[in-house]
Amino acid sequence: MRIFVTGGAGFIGSHLCRAAVAEGHAVDVMDNLSTGSRDNVADLIPNPIFQLIIADGSDQSLVNSLVSKADAVVHLAAAVGVQLVIDDPVRTLETNIDVTQGVLKACRDLGKRVLIASSSEVYGRGSQEWFRETDDLVIGPPTSRRWGYAASKLVDEFLALAYHYEHELPVTVLRLFNTVGPGQVGHYGMVIPRFVRRALLGEAITVYGDGEQRRTFTGVDQVVKAILQLIECRESIGKIVNVGGTAETSINDLASAVIRATKSKSVIEHIPYEKAYGESFEDMRRRNPDTKALKDLLGWAPHSDLNAILGPVIEDMRKRLKKEGVLS
Ligand code: UDP
C-alpha cells in the first residue's frame with residue numbers, strides 16, 4: 001500500500017510511519033512541524049519509500065495531490081496537548097476543523113479509504129467507568145477553553161460520518177486514548193514525559209489536583225499496530241472505534257511508578273489546577289476506554305502494562321537529557 005499520513009512527523013505519526021515502512025508500505029507524510037519534528041522521522045528520511053513534505057494541512061492542492069497517490073489516508077494532523085489548547089484556542093479550533101474537512105473532501109472526491117484521528121477528550125465530563133462509543137457525550141461550556149478541543153474533534157467525527165452517510169466515504173473514526181512512548185515531549189501537557197523528565201533530573205514531580213484522577217495509558221507501539229490493522233479492516237468502515245488499553249492508573253500511582261522505575265529521589269508535590277492551567281480549567285476524574293468494539297474488529301486490544309510502557313520512555317528521555325547536556 002501507499003499510505004498518506006497527515007501529521008506523520010508528530011509523536012504517534014512518526015511511530016505509525018516507522019511501523020508502516022517496516023511492513024513494506026510506502027509512506028508520504030505532510031506535516032507543518034508545529035508540534036512534530038524532522039528528528040522524529042530522521043531515521044526514515046533516507047528510505048526511498050518514505051517521503052516527508054513540510055507543508056501546512058491548509059494547502060488543499062497539495063492535500064489533493066497526496067490523497068490521489070495514496071491507497072489509504074491516516075489523518076493525524078491536529079493541534080494537540082492540553083497546554084497548547086489552553087494557550088492557543090484559535091489555532092486549535094481552526095486546525096482541527098478546517099484541515100480535517102479538507103482531507104475528507106479530497107478522500108470523498110477521490111474515493112479513498114481514510115482513518116480520522118479523534119480523541120477521548122470527546123467523552124468530556126462523562127463519569128462512566130469505561131466509555132463506549134455509543135455513550136452520550138457531555139462537554140462543558142465554551143468559557144472553559146479546554147472544551148474547544150473536544151468540540152472540534154466532535155465536529156470532525158460528525159463530518160466524517162456525514163461523508164460516509166451521504167457519499168459512502170470509507171472512513172473510520174479513531175478515538176485515541178492517552179498514548180505514550182519514546183519521542184513524546186512534555187511541553188504540551190503530556191503527563192508521562194513530564195514526570196519521567198523530572199524524575200531523571202531529581203526535580204519535584206508535580207501532580208495536579210488531588211492526583212486521584214485516573215487514566216488508561218497505552219503504548220504507542222500497540223496503538224500504531226491497531227491503526228495499521230484498522231486500515232485494512234472493512235468492517236470498521238462507517239464506525240467510531242475507541243483505541244486504548246485495558247487498565248487504569250491514578251496519577252498519584254503513576255508518579256510513584258515513575259519514581260520507582262527511575263530509582264529517583266524526586267518528591268511528589270501536589271499543586272492546584274489553577275496554578276498549572278489558570279482559572280477556568282476543569283479536569284476529568286476518569287477516562288478509560290471500553291475496547292469491546294476494537295476487540296470485535298481486530299480480535300485483540302492493547303494492554304496497559306505500565307512498567308512495559310515506562311521502560312522505553314525512560315530510556316529515550318535519558319538519551320535526550322544527555323544530549324541536552326543536563327544529565328551525565
Ligand atoms: N498531570 C499532572 N501533572 C503534569 C501533567 C499532567 O498531574 O505535569 C495530570 C493532568 O491533570 C491529568 C493527567 O495528568 O489529570 C493526564 O494529563 P495529560 O495532559 O497527559 O492528558 P489528559 O488525559 O489530561 O488529556
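Each ligand, and each atom within it, is numbered from 1 in the order the structure gives.
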**Q.** Option whose closest heavy atom lies nearest to atom 8 (O) of ligand 1, chosen from Arg197, Arg287, His270, Arg194
**A.**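 When every heavy atom of Arg197, Arg287, His270, Arg194 is considered, Arg194 comes closest to atom 8 (O) of ligand 1.
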How close do [X] and [Y] get, counting heavy atoms only, and between which atoms?
{"X": "Arg91", "Y": "Thr95", "result": "O-OG1, 2.7 Å"}
{"X": "Leu161", "Y": "Gly238", "result": "CD2-O, 3.7 Å"}
{"X": "Leu33", "Y": "Arg38", "result": "CD2-N, 3.9 Å"}

>> Below 4.0 Å from ligand 1: does a non-hydrogen atom of Met284 turn up there or not?
In response: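 Contact absent.
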Non-hydrogen atom of Arg146 closer than 4.0 Å to ligand 1 |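 The answer is yes: ligand 1 sits under 4.0 Å from a heavy atom of Arg146.
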Per-atom contacts, ligand 1 versus [X] - under 4.0 Å to a heavy atom:
{"X": "Val207", "answer": "7 (O)"}
{"X": "Ile251", "answer": "7 (O), 13 (C), 14 (O)"}
{"X": "Glu121", "answer": "25 (O)"}
{"X": "Met190", "answer": "20 (O)"}

Looking only at the side chains, is there a donor atom on one of [X] and [Y] sitting less than 3.5 Å from an acceptor on the other?
{"X": "Arg287", "Y": "Asn178", "answer": "yes"}
{"X": "Arg113", "Y": "Thr172", "answer": "yes"}
{"X": "His75", "Y": "Thr100", "answer": "yes"}

>> Can you confirm, on distance only, whether ligand 1 has an N/O atom lying under 3.5 Å from any N/O atom belonging to Tyr273?
In response: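 There is no such contact.
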When you check the gap from the basic side-chain N to the acidic O, do Arg175 and Glu157 get nearer than 4.0 Å?
yes
Among all protein heavy atoms, pick the one closest to [atom] and tell me residue, atom and distance.
{"atom": "atom 21 (O) of ligand 1", "value": "Asn178 ND2, 3.3 Å"}
{"atom": "atom 17 (O) of ligand 1", "value": "Val191 CB, 3.9 Å"}
{"atom": "atom 15 (O) of ligand 1", "value": "Asp283 OD2, 2.6 Å"}
{"atom": "atom 7 (O) of ligand 1", "value": "Tyr208 N, 2.8 Å"}
{"atom": "atom 3 (N) of ligand 1", "value": "Thr206 O, 2.8 Å"}
{"atom": "atom 19 (O) of ligand 1", "value": "Gly189 O, 3.2 Å"}

With a cut-off of 3.5 Å and sequence neighbours excluded, list every side-chain donor-acceptor pair involving residues 130-137.
| unit_1 | atom_1 | unit_2 | atom_2 | d |
| --- | --- | --- | --- | --- |
| Glu133 | OE2 | Asn242 | N | 2.7 |
| Asp135 | OD2 | Gln128 | NE2 | 3.1 |
| Asp135 | OD2 | Arg132 | N | 2.8 |

Given His270 and Asn252, is the side chain to side chain donor-acceptor pair (under 3.5 Å) satisfied, shown in steps?
-> CA-CA 9 Å; His270 287 84; Asn252 284 329; 2.8 Å; yes
